Amino acid sequence: MQCHSESLSMWLYLFFSIIVHVSHVNSANILGIMPTASYSHHQAVQPLWAELSLRGHSLTVVTTHPMKNTSLVNLTEIDVSQVQEIYEKRKFSEIASDENISFLEKADLLMDMVDESDELILSSPGVQNLIHDKNRHFDLLIVEALLPGMTSFSWRFNCPMIGISPLDTSSFFHQHMGNPNHPVVNPEKNLPVNDPENLTFIERLVSLIYNVVTEVMFNDKSKYFEKNHKIYQKYLGKDLPHFESLWKNIALMFINTSPIFQNVRPLNPNTIAFGGTGHIRNAQALPKDLQEFLDNSDQAAIYFSLGSNIVGSQMRNILEEILPVFSELPFRLLLKTDVQLENIPNNVKIQSWFPQQDVLRHPKVKLFITQGGLQSLQEAVYNAIPVIGIPFFGDQITNINKMLKMGYGIKIDKDNVTRESLKSAILEVINNSKYQEKAKQMSEILKDEEVPGLQRLIWWTEYVIRHKGADHLKSLAGEMPHWKYFMLDVLSFIGFIIFIIIFLIYYIVKYVYRLLYYLFNRQKLKKYLQKFLIGNEI
Ligand SMILES: *[C@@H]1O[C@H](CO)[C@@H](O)[C@H](O)[C@H]1NC(C)=O
Ligand SMILES: *[C@@H]1O[C@H](CO)[C@@H](O)[C@H](O)[C@H]1NC(C)=O
């Protein structure tokens, strides 16, 4: 009897602990905010929204690129896709890739664009409802960690927050998480460096200055976000604290890095790298015409896409060079562009969109010509496809230069895209097997994960929900002023002691020398004294 009731209570205990555990995690209300109107950013994060909602969490996601997937019943998307028009109107990609505009000018222009798009998001009906609904409660905010503004929603809903970065995150976010932020070992991803593994003296100098400048820009007292902060105050309340004190609340940071695409960096337990595979979907059948086009290719097929940001005249110039090349080559080409073109060779298929992941899976596809966006490179490597990189701006330049180091392709300068350079690059990558072999080797490394990236994100997301934050994972390094972190006081003290010792040694040597000198000059006196003393003694 005793035994029976014990096992019963044990059973009840187990039953309730499972119920409590499951219902606790199941009932979570999660707010996601992805304010950057760049498709690739969303592509990296959408699988997380889908997977969390499939696990029974209730998600509300403010997004410029809604999935509109009706089978995800637990996911409510607040569509702010009009932000895309602001990016187009303000010629985002053209400004970002214009080398005649200085870094600070670019920062100003892009910040104006962010101000306008943030205002649009905050004033949109869906977000207004969210802000003013007194009964709205969230257990967690997952917010894009690119700019600080949207972290304000963790203050509005008084909930823990996870930062997610579809790329590597910026150096100041790393610094705040307490991760080492070395300008030479890990130069900022948007800083164009020729060889990310071996910076020249000038690049090292610029990289240090870049880190300092961005840190000053993001400083609490900086004028740089003043206007942006006012916009948030206008919509969320006058007592909204400074951004810096908001992002101090970031419990975890999810970053899309992997040793294949970025220099290795030591990360604290509060920073989870999900690099490389998180957004890779299961294979889906290609549309019939595409499947036939690729199947019927006698030789290699090539996929060309410069992503979603390279448009207009930038794109047209390149296309006018590439089409004539293909009238001479025996390969088939899938070309992604919106630009209307004439005289299209028979072996070229043009569409404004391709199911990129499935195209890259096709065995006939042997080369990917890309602008070097991180997701594109990840998909290329995942499918062991070598690349030709034509980088334009931002992290693309360093991504492609890192790709050169890893050896799975070659680069063409964006100002040097000619028939000749394209043709010789294509023939080189297709005919020289070393690129294919490198791509295969990188692919094997990328896929060899302890836990798949997406599963890692799910586990850590629920961890933050279970513990209502992750203060215990905070690194002291993130909070410390630089003088303490770099031990300037301690080193100065040791320097001072060493100075004192050297000073003392100097004076001791000096006086001993003087003494010897004195004795030396008084040799005669000494001898006389000696004689006198000895004589006396005798
Ligand atoms: C919608 O989401 C489900 C679950 O993740 C997925 O299986 C399905 O392919 C998605 N549909 C579309 C059209 O992407
Ligand atoms: C331009 O491309 C050609 C190959 O066609 C190459 O020889 C040359 O070095 C390139 N120039 C620059 C500046 O990259």
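Each ligand, and each atom within it, is numbered from 1 in the order the structure gives. Worth saying up front: this structure is predicted, and the values here are computed from it rather than measured.
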ask   = Tell me, which pairs form a salt bridge (charged side-chain N to carboxylate O under 4.0 Å, His left out) where one or both residues lie in residues 370-384, sequence neighbours left out?
value =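 Qualifying pairs, neighbours excluded: none.
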request  = Provide the full list of salt bridge (charged side-chain N to carboxylate O under 4.0 Å, His left out) pairs with a residue in residues 335-351, sequence neighbours left out, each pair given once.
outcome  =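 Salt bridge (charged side-chain N to carboxylate O under 4.0 Å, His left out) check on residues 335-351 returns Asp289-Lys349.
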Glu462 bridged to Arg55 by N-O distance under 4.0 Å = yes
ask   = For residues Asn74 and Ser58, is any side-chain donor paired with an opposing acceptor at under 3.5 Å?
value =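 Note: Asn74 and Ser58 side chains miss the donor-acceptor criterion.
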Subset of ligand 1 atoms that lie under 4.0 Å from at least one heavy atom of [X]:
X     : result
Leu54 : 4 (C), 5 (O)
Ser71 : 1 (C), 2 (O), 3 (C)
Asn69 : 1 (C), 2 (O), 3 (C), 8 (C), 10 (C), 11 (N), 12 (C), 14 (O)

Would you mind listing each N/O atom of ligand 2 next to any protein N/O under 3.5 Å, plus the distance?
unit_1	atom_1	unit_2	atom_2	d
ligand 2	2 (O)	Asn416	ND2	2.4
ligand 2	5 (O)	Ser421	N	3.4
ligand 2	11 (N)	Asn416	ND2	2.7
ligand 2	14 (O)	Asn416	ND2	3.3

message = Among residues at least two apart in sequence or on other chains, which ones pass side chain to side chain donor-acceptor pair (under 3.5 Å) with Arg136?
response = Thr60
key: Option passing side chain to side chain contact (heavy atoms under 4.5 Å, CB included) with Pro391 (candidates Lys414, Met403, Lys411, Gln371)   =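 With Pro391 as partner, Lys414, Met403, Lys411, Gln371 yield a single side chain to side chain contact (heavy atoms under 4.5 Å, CB included), made by Lys411.
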inquiry  = For Lys447, is the NZ atom crowded, meaning more than 12 foreign heavy atoms sit under 6.0 Å from it?
reply    = yes
